[in-house]
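Computed over heavy atoms, backbone and side chain alike; hydrogens, waters and symmetry mates excluded. Residue numbering restarts at 1 for every chain, and letters A, B, ... go by the order of the sequence lines. Note that the coordinates shown come from a computational prediction; the quantities given were computed from them, not determined experimentally.
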Amino acid sequence: MIYVKFEQVMNNVEEAVTEDELAALLDTETNITAYAGYEPSGQLHLGHLLTAYKLIDLQSAGVDIIVLLADLHAYLNEKGTIDQIREWARHYQECFTALGLAEETRFMLGSDYQLEPDYTKLILRLARHTTLNRARRSMDEVSRNAEDPVVSQMIYPIMQTADIGYLNIDIAVGGIDQRKIHMLAREELHSMGFQSPVCIHTPILLGLDGNKMSSSKNNLIAVEDSPESIKKKVDSAYCPARTIQDNPVLQLYRYFIFPRFKQVELERPKQYGGPIGYEEFAKLETDFAAGKLHPLDLKNGAATYIERIVGPIRGVLYSD
RNA sequence: CCCGCCUUAACUCAGUCUGGCAGAGUGGUCGGCUGUAGACCGACAUGUCCCCCGUUCAAAUCGGGGAGGCGGGACCA
């Protein structure tokens, strides 16, 4: 049973640091806590879902879940005014609830505790032990302006470290872009007498155009996208025939569709072979690589199934 | 506190000396070619020229004031 839990938690994960520690944690009887933090800014998109679904995996493995709506982090990272960010935070919580996190999930707003004296002291201790170079490098993948960083962006990683210690987190979940901050946290927390968190890192999705995902380039699918919008975005996605390397449409199948549907049925015009079904991603990928599956049929199916995943979330969001 | 440089399209930047319709590349949108997208070809759209005041028939451009960024200097009993 434990092995099954571990397999589920490790599915579609870029890395776990370390797998042994993770297995040991899942093996314990005592309650353990996992968390992921999100900067509330911009629409929630498929990239966010990757970590959110990982939290759900952990939840079903018996782990307590904290979702941190990191309003102060977003502020420190120049994502907007506090008021704008709070507005997004409310929206994020609605989205996370809608997408299937269980009722007992704890949602926390960073500012609810990050201004407490004890927390502040922890920040100062961490500041005392963290070099500027280390803090800056840890933010390379997280901050937008790699050059000309502001001091607040140096506070960001030590606050994230403080969160993990302060909230007694056993497992920190995040995209692989969080890696350097998490490694800093493991090192610093350990040397300061806290336990180091196990870290689970999900892949960073490629944008639909094959480049880095960016809200400003409109190459991502948001949970609020209409079926028409999803269809249009998938249609225009980069998808060279027989190429499985860095193919954003195949990513949709790997990370979203197959984990949720046991049987995937793709429509296809008779002249090209008629409908075809798959039970696992590997087989679909092999067929695509062999040229047995045309990109357009792949896209049509992806749009249909992604809508089936995102549609219900959108439905809950707009039900009131 | 002092000195120098920078700020123009979503991005990177020309243009400022010598005032005269706001530019290029990348990106974007639309179309053609492909049973998808990309590539390629064709077309289209970019805008608070950092802000304010002044000079002028006319200011991105000249003068004054200010803001933000970058670099240096000075201070270091």
Query raised in the report: A:Asp163 and A:Tyr113: side-chain donor and acceptor closer than 3.5 Å?
Result: yes
Query raised in the report: Between atom CG in A:Asp209 and atom C1' in B:U36, what is the gap in whole Å?
Result: 15 Å
Query raised in the report: Is A:Glu285 salt-bridged to A:Arg254, cutoff N-O under 4.0 Å?
Result: yes
Query raised in the report: What distance, rounded to whole Å, do you find between the two P atoms, one in B:U8 and one in B:C40?
Result: 29 Å
Query - B:C17 to B:U61 separation - P atoms, rounded to the nearest Å - result: 9 Å
Requested in this report: Starting from C1' on B:A37, measure out to CG on A:Asn211 and report it in whole angstrom.
Outcome: 12 Å
**Report entry** P gap between B:C30 and B:C13, integer Å
**Finding:** 29 Å
Query raised in the report: Which whole-number value in Å describes the distance from A:Gln245 CD to B:A37 P?
Result: 22 Å
Query raised in the report: For A:Tyr238 and B:G38, what is the distance between atoms OH and C1' respectively, to the nearest whole Å?
Result: 6 Å
**Report entry** Mate of B:G71 where both pairing distances stay under 3.5 Å, Watson-Crick or G-U
**Finding:** B:C3
Report task. Please determine, for B:C11, whether a Watson-Crick or G-U wobble partner exists with both distances under 3.5 Å, and give it or none. Result -> B:G25
**Report entry** Carboxylate-amine/guanidinium proximity below 4.0 Å for A:Glu15 and A:Arg179
**Finding:** yes
Report summary line: Between CZ of A:Arg242 and C1' of B:U36 the distance, given in whole Å, is 13 Å
Requested in this report: Just say parallel, tilted or perpendicular for the rings of A:His182 and A:His201, cut-offs at 30° and 60°.
Outcome: parallel
Report task. Provide, to the nearest angstrom, the distance between the CZ atom belonging to A:Arg268 and the C1' atom belonging to B:G35. Result -> 12 Å
Query raised in the report: What distance, rounded to whole Å, do you find between the two C1' atoms, one in B:A60 and one in B:U18?
Result: 15 Å
**Report entry** Nucleotide forming a Watson-Crick or wobble pair with B:C33, both distances under 3.5 Å
**Finding:** none
**Report entry** Residue matched to B:G54 through Watson-Crick or wobble contacts both under 3.5 angstrom
**Finding:** B:C62
**Report entry** Nearest-angstrom distance, C1' atom, B:G28 to B:A10
**Finding:** 8 Å
Query - Inter-nucleotide C1' distance (B:A37, B:G32), Å rounded - result: 15 Å
Query - Nearest-angstrom distance from the residue atom CG of A:Leu296 to P of B:G38 - result: 13 Å
Query raised in the report: For atom C1', what is the distance between B:A24 and B:G71, given to the nearest Å?
Result: 29 Å
Query raised in the report: When the distance from OH of A:Tyr253 to C1' of B:U36 is rounded to whole Å, what number comes out?
Result: 12 Å
**Report entry** Touch class at under 4.0 angstrom, heavy-atom based, for A:Asp297 against every strand present
**Finding:** base
Report task. Would you kindly say whether A:Lys54 and A:Asn11 are connected by a side-chain donor-acceptor distance under 3.5 Å? Result -> no
Query - Nearest-Å distance once atom C1' is located in both B:C21 and B:G15 - result: 15 Å
Query raised in the report: When you look at CD of A:Glu141, are more than 12 heavy atoms from neighbouring residues, nucleotides or ligands closer to it than 6.0 Å?
Result: no
